[in-house]
Structure formats: C-alpha cells, structure tokens
Amino acid sequence: MNNFTFCNPTKLIFGKGTIARIAREIPTGAKIMMTYGGGSIRRNGVYDQVTAALKGRGAVEFGGIEPNPQYETLVKAVELARAEGVDFLLAVGGGSVIDGTKFIATALKYEGDPWDFLLDPSKAVDAVPLATVLTLPATGSEMNNGAVVSRKELNEKLAFHNPKCYPLFSVLDPEVCYSLPQRQIVNGIVDSFAHTLEQYLTFDTQAMVMDRWAEGLLQTLVELGPKLVERHDRYDEVANFMLTATMALNGFIAMGVPQDWATHMIGHELTALHGLDHGVTLAIVYPGMMRVMRREKFDKLVQYAERVWGATGTPEEKAEAAIVKTDEFFRALGMKTRLSEHGIGQETIDFIVERFRKRGWNLGETGKVTPERVAEILRERL
Ligand code: NZQ
Ligand code: ZN
C-alpha cells in the first residue's frame with residue numbers, strides 16, 4: 001500500500017427533509033450568496049425549501065450557472081459577490097453549480113485574472129467558505145475540493161483543486177432527485193462508476209480494503225443501475241445511489257492507491273469540443289482505455305472481471321469479459337458508447353492528440369497514456 005494522508009472536512013447531512021438544517025449550519029452573521037443553475041430548483045420545490053431556511057438572512061442570489069459551468073457566467077457572479085460583500089456561498093444544484101461555486105469562491109480570494117488558476121492550479125490556494133445542497137448524484141463535488149470550468153471562446157474545459165474548496169457541509173436529500181430527467185440519472189451512474197474505476201483499475205498495491213470498497217461501489221451501481229433507469233422515485237434505491245456517488249469521489253477509495261484519470265481528461269476534451277454530457281464522454285472512452293491499456297492494467301482487469309462481473313475462464317478471457325461487460329453495462333443504461341454514434345470522427349481525434357502533445361501530457365497512473373495512445377484509444381471508439 002502506498003503512503004497517504006487523509007483528511008476530508010466536509011460534514012454530510014443526509015436524508016429526507018434535511019434541507020431545513022442549513023439554517024443552523026451556516027455561520028451567523030455570514031453574508032450569503034446562494035448560487036443555482038437554470039431553474040430546476042424552482043420547479044421541484046428545492047428553491048422554496050432553501051429560501052425558507054434562509055429567511056431573514058438577507059441572502060443574495062445568483063442563478064443561471066449552466067451545465068459545464070462557463071467562465072463568462074461565473075465572473076459575473078464574482079462581480080456581484082464582491083459588490084455585495086459576500087463571504088459565504090451556498091451552491092444549490094448538481095456538479096456544475098457546485099464546481100462553478102468553487103470557482104467563484106476561489107476567485108473572490110484571488111487577485112488577478114481567475115483564468116490563471118485554471119491554467120496553473122497551484123495558484124488556487126484560498127477561497128471563501130462554501131456549502132452545498134446537492135440535487136444530482138454524480139460528480140462527488142459535494143464532498144471533494146475539485147472543480148471543472150469551461151470557456152467556450154477557447155473551447156477549453158479545465159480542472160483545478162483547491163484545499164480550501166471542500167464544502168463546509170453538504171445536504172443530500174434523496175427526494176430532490178425524483179425530478180431528475182432520466183438522462184441525468186444515467187450520466188450520474190456512469191460518472192460514479194468511472195470515478196471508482198479511475199481509482200481502482202490501475203495496478204495492484206495490496207490495498208485490500210480500498211479494493212473491496214471500490215468493488216462494493218461498483219457492484220452497487222451494477223445492481224441499482226437498471227432499476228434506476230426504470231424509475232427513480234423509490235427512496236432507498238435513490239438514497240443508496242446518492243451515497244455511492246458521493247463515496248466514489250470523496251477521497252475514501254483513494255487511500256494508498258495509484259490513480260488514473262486519463263479517461264476523464266480525454267472526456268473533458270469531447271465535452272469542450274462537442275458539448276457532450278460528461279457522463280456520455282466517459283461511457284465512450286472507458287472501454288477503449290481498458291482495451292488499449294490492457295497489458296498495463298491486466299491484473300486489475302482480471303480482478304474486476306472476477307469480483308464485479310463474476311467472470312470465469314482463463315485470465316485472458318476474464319480481461320476480455322471485463323471490457324465487454326463494461327461496454328454492455330453502459331449501453332444497457334441507454335448510453336451510446338461510440339464516437340460515430342455522436343457524429344464525431346477522425347478530425348476530433350487529431351485535434352485532441354495535437355492539443356495533448358502541445359501540453360506535454362502523458363496521462364494515467366504511470367504516465368503511459370501518451371498522445372499516441374490517446375489516438376489509439378479514440379480510434380478504437382470510432
Ligand atoms: O441547471 P438546472 O436547471 O439546475 O438543471 C440541471 C442541469 O440541466 C439538471 N438538474 C440538476 N438537478 C436536478 C436537475 N433537474 C431536475 N431535477 C434535479 N434535482 O441536470 C442538468 C445537469 O446538471 P449538471 O450539474 O451539469 O450535472 P452533473 O452533476 O453531472 O455535473 C457535471 C459537471 O461536473 C463536472 C463535469 O465535468 C461537468 O462539468 N465534474 C466535476 C467533478 C468534481 N468537481 O469533482 C468531477 C467529475 O468528474 C466531473 O468532471
Ligand atoms: Zn466524472
């Protein structure tokens with residue numbers, strides 16, 4: 001097992017009817033800005049619950065943060081927050097609203113152009129405190145310190161981590177997920193599945209607890225996925241999904257293990273260039289990553305096939321089953337897992353590979369996902 005330090009300071013407040021708790025969790029005297037997306041919270045009653053809880057606190061509001069939050073929108077929120085003297089942010093929404101809010105929180109403590117800390121994330125070191133009311137289980141942003149921000153004019157989608165961006169608390173009420181469109185449920189299942197794989201499907205470090213924990217999350221998603229696609233208004237199923245998504249990217253399964261993240265980095269490019277949903281990009285890239293990196297990931301592929309999919313046969317047969325079963329799982333949820341199914345061809349592959357070359361990116365747990373291999377992975381998914 002590798003050495004590690006673990007600390008996750010986010011307080012989780014989980015369950016039915018818990019949104020009202022925000023009133024006593026936000027420090028008294030804080031000047032609050034509530035941030036949200038395109039309006040789903042107005043239609044499903046979450047806005048009313050949050051504003052009722054914030055009654056008398058004089059909170060400022062900033063709505064309109066879009067999926068794959070845009071830099072141009074977020075800098076407007078920063079201006080408003082500065083003008084109003086905001087010193088506490090409450091994000092109410094999915095990963096995009098939460099990530100956008102982490103950007104706002106960091107920018108409020110940053111002198112200079114905030115795009116700087118996306119180009120050089122080591123500059124993201126301070127932030128005003130933030131908290132979240134999560135409405136979409138997927139990203140884990142409610143309990144981690146990462147964020148991804150897009151800039152349309154540059155066709156860029158870049159990530160940063162800021163040690164000060166762990167939410168102070170996050171409220172997870174599974175009932176708010178009943179209003180989610182089915183497409184977002186599927187995105188969330190694939191995203192949390194991919195987060196788990198990024199921290200599991202690497203090479204063996206004898207991290208037995210982390211392996212079993214990750215396999216537990218994957219098995220839960222395999223079991224719940226088809227049920228959630230059928231309907232997502234059964235409390236315990238949604239509650240288990242919501243907790244799985246949080247646990248998949250809050251650092252718990254990262255203890256003592258190597259991490260990959262190459263699929264995510266390639267996926268971000270597909271979103272930046274073609275606007276595909278984040279979950280969709282992962283469903284396309286992951287089976288290709290497994291196939292092209294089969295030798296490097298062999299032992300873990302076999303273990304994943306045995307323990308998650310119950311595969312039998314020779315190790316080679318099991319590794320093959322792991323790849324096929326993953327693709328089939330995503331497709332059974334309703335994902336299109338081929339680039340051509342999204343009208344994407346060789347031109348995009350060339351663009352991404354050239355961009356990674358210029359950035360000098362060699363990705364993956366051992367840096368072996370070179371631009372050439374990225375080309376192979378994407379060609380495999382045409
Ligand atoms: O904007 P509104 O109107 O709220 O609608 C949203 C949005 O259209 C809607 N929605 C959310 N909750 C709802 C709801 N509709 C009905 N009922 C509800 N309860 O769903 C749509 C998608 O929301 P979005 O926040 O974009 O989805 P998601 O949570 O999947 O977030 C995706 C973003 O997170 C980033 C992705 O790259 C992408 O930009 N990620 C963030 C990570 C992190 N911070 O750790 C890690 C991930 O790997 C990921 O990269
Ligand atoms: Zn993700």
Side-chain angles (χ1 to χ4, degrees), residues 10 19 35-47 49-50 62-71 73-74 91-103 106 121 130 132-151 156-162 165-167 170 172-199 232-233 238 242 245-246 248-251 254 259-272 275-283 285-286:
T10 300
I19 292 178
T35 53
Y36 57 96
S40 69
I41 63 163
R42 288 185 183 272
R43 293 186 291 275
N44 62 12
V46 172
Y47 178 86
Q49 290 185 58
V50 172
F62 185 89
I65 298 177
E66 49 288 267
N68 306 307
Q70 292 293 328
Y71 172 84
T73 305
L74 301 173
V92 185
S96 294
V97 171
I98 300 175
D99 283 10
T101 304
K102 289 176 180 175
F103 174 92
T106 307
L130 67 116
T132 87
V133 174
L134 179 69
T135 64
L136 196 174
T139 63
S141 191
E142 67 279 7
M143 201 175 176
N144 68 41
N145 66 358
V148 193
V149 169
S150 298
R151 194 165 178 179
E156 292 273 22
K157 180 171 182 180
L158 298 171
F160 71 95
H161 290 85
N162 178 347
C165 275
Y166 283 99
S170 283
L172 279 63
D173 178 345
E175 289 188 324
V176 310
C177 304
Y178 296 167
S179 62
L180 278 164
Q182 197 205 22
R183 162 178 160 201
Q184 299 303 341
I185 291 281
V186 173
N187 283 339
I189 296 167
V190 173
D191 197 17
S192 27
F193 201 85
H195 293 160
T196 310
L197 288 178
E198 298 275 24
Q199 300 158 87
H232 54 277
D233 59 354
V238 178
M242 205 172 197
T246 301
L249 194 50
N250 64 357
Q259 299 186 40
D260 181 345
W261 297 107
T263 297
H264 267 72
M265 302 319 264
I266 300 169
H268 288 170
E269 296 302 317
L270 294 173
T271 300
L276 298 188
D277 289 352
H278 176 62
V280 175
T281 69
L282 306 171
V285 178
Y286 235 119

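In each ligand, atom 1 is the first atom listed, and ligand 1 is the first ligand listed. Quantities reported herein were computed from a predicted structural model and do not represent experimental measurements.
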Do Gly95 and ligand 1 have an N or O pair less than 3.5 Å apart?
yes

Is there a side-chain contact between Met242 and Leu134 in this structure, where contact means two heavy atoms from C-beta onward sitting under 4.5 Å apart?
yes

How far is atom 49 (C) of ligand 1 from its nearest protein heavy atom, and which residue and atom is that?
His278 NE2, 3.3 Å

Asp99: heavy atom below 4.0 Å from ligand 1, yes or no?
yes

Just to confirm my output: which protein heavy-atom neighbour is closest to atom 39 (O) of ligand 1, and how far is it?
Asn68 OD1, 3.1 Å

Please write down residue, atom name and distance for the protein heavy atom closest to atom 6 (C) of ligand 1.
Ser40 OG, 4.4 Å

Can you find an N/O atom of Leu136 closer than 3.5 Å to an N/O atom of ligand 1?
no

With Lys102, the side-chain contact (heavy atoms from CB on, under 4.5 Å) member among Asn144, Leu74, Thr132:
Asn144

Among protein heavy atoms, which sits nearest to atom 45 (O) of ligand 1, and what does the distance come to when rounded to 0.1 Å?
Asn144 ND2, 2.9 Å

side-chain contact (heavy atoms from CB on, under 4.5 Å) test vs Ser141 passes for just one of Asn250, Asp99, Val148, Val97, namely Asp99

Ser179: numbered ligand 1 atoms lying under 4.0 Å from its heavy atoms
16 (C), 17 (N), 18 (C), 19 (N)

Starting from atom 32 (C) of ligand 1, find the nearest protein heavy-atom neighbour and note its residue, name and distance.
Ser96 OG, 3.7 Å

Could you label the plane-to-plane angle of the His278 and His268 rings as parallel, tilted or perpendicular, counting under 30° as parallel and over 60° as perpendicular?
tilted

Using distance alone, determine whether Thr135 and ligand 1 share an N or O pair under 3.5 Å.
yes

Ligand 1 to Asn44, heavy atom cutoff 4.0 Å, flagged ligand atoms 17 (N), 18 (C), 19 (N)

Please verify the inter-ring angle class for Trp261 with His195; under 30° counts as parallel, over 60° as perpendicular, anything in between as tilted.
tilted

Below 4.0 Å from ligand 1: does a non-hydrogen atom of Pro181 turn up there or not?
yes

Can you confirm whether the side chains of Thr246 and Glu142 place a donor and an acceptor under 3.5 Å from each other?
yes

With heavy-atom distances below 4.5 Å as the criterion, would you say the side chains of Asp233 and Val238 are in contact?
no

I need the atoms of ligand 1 closer than 4.0 Å to a non-hydrogen atom of Lys157, numbered in the order shown.
36 (C), 37 (O), 38 (C), 39 (O)

Nearest heavy atoms of Gly64 and Thr73, plus distance in Å:
O-CG2, 3.8 Å

Could you please compute the angle at the Zn ion (ligand 2) from NE2 of His195 to NE2 of His264, rounded to 10°?
90°

Which atoms of ligand 1 sit under 4.0 Å from any heavy atom of Gly146?
44 (N)

Note, Pro137 side chain near Leu180 side chain (heavy atom, < 4.5 Å):
yes

Of the protein's non-hydrogen atoms, which lies at the shortest distance from atom 34 (O) of ligand 1, and what is that distance?
Thr139 CG2, 3.3 Å

Val176, portion touching ligand 1 at heavy-atom distance under 4.0 Å
backbone

Any side-chain heavy atom of Ile19 sitting closer than 4.5 Å to one from Val176?
yes

Could you tell me if the side chain of Thr263 sits less than 4.5 Å from the side chain of Glu198, heavy atoms only?
yes

Got the closest protein heavy atom to atom 13 (C) of ligand 1, with its distance?
Leu180 CD2, 3.2 Å

Spatial distance of atom CE (Met265) from atom CG (Leu270) [nearest 0.5 Å]
13.0 Å

Return a yes/no value for Gly37: is any of its N or O atoms, backbone included, closer than 3.5 angstrom to an N or O of ligand 1?
no

For ligand 1, which part of His264 has a heavy atom less than 4.0 Å away: the side chain, the backbone, both, or neither?
side chain

Is the shortest heavy-atom distance from the side chain of Pro67 to the side chain of Asp277 under 4.5 Å?
no

Suppose we only allow N, O or S atoms; which atom of Asp191 ends up nearest to the Zn ion (ligand 2)?
OD1

Using heavy atoms and a threshold below 4.0 Å, how should the contact between Leu249 and ligand 1 be classified: side chain, backbone, both, or neither?
side chain

Please determine, by modelled atom types, if Asn68 and Ser150 share a side-chain donor-acceptor pair under 3.5 angstrom.
no

Asp277, portion touching ligand 1 at heavy-atom distance under 4.0 Å
neither

State if Gly39 counts as touching ligand 1 under the rule of any non-hydrogen atom under 4.0 Å.
yes

Shortest non-hydrogen contact from Arg42 to Tyr36?
NH2-OH, 2.9 Å

Closest to atom 2 (P) of ligand 1 among protein heavy atoms sits Gly38 N, 3.3 Å

Please determine if Pro67 has a nitrogen or oxygen closer than 3.5 Å to a nitrogen or oxygen of ligand 1.
no

Please verify whether a non-hydrogen atom of His268 lies at under 4.0 Å from ligand 1.
yes

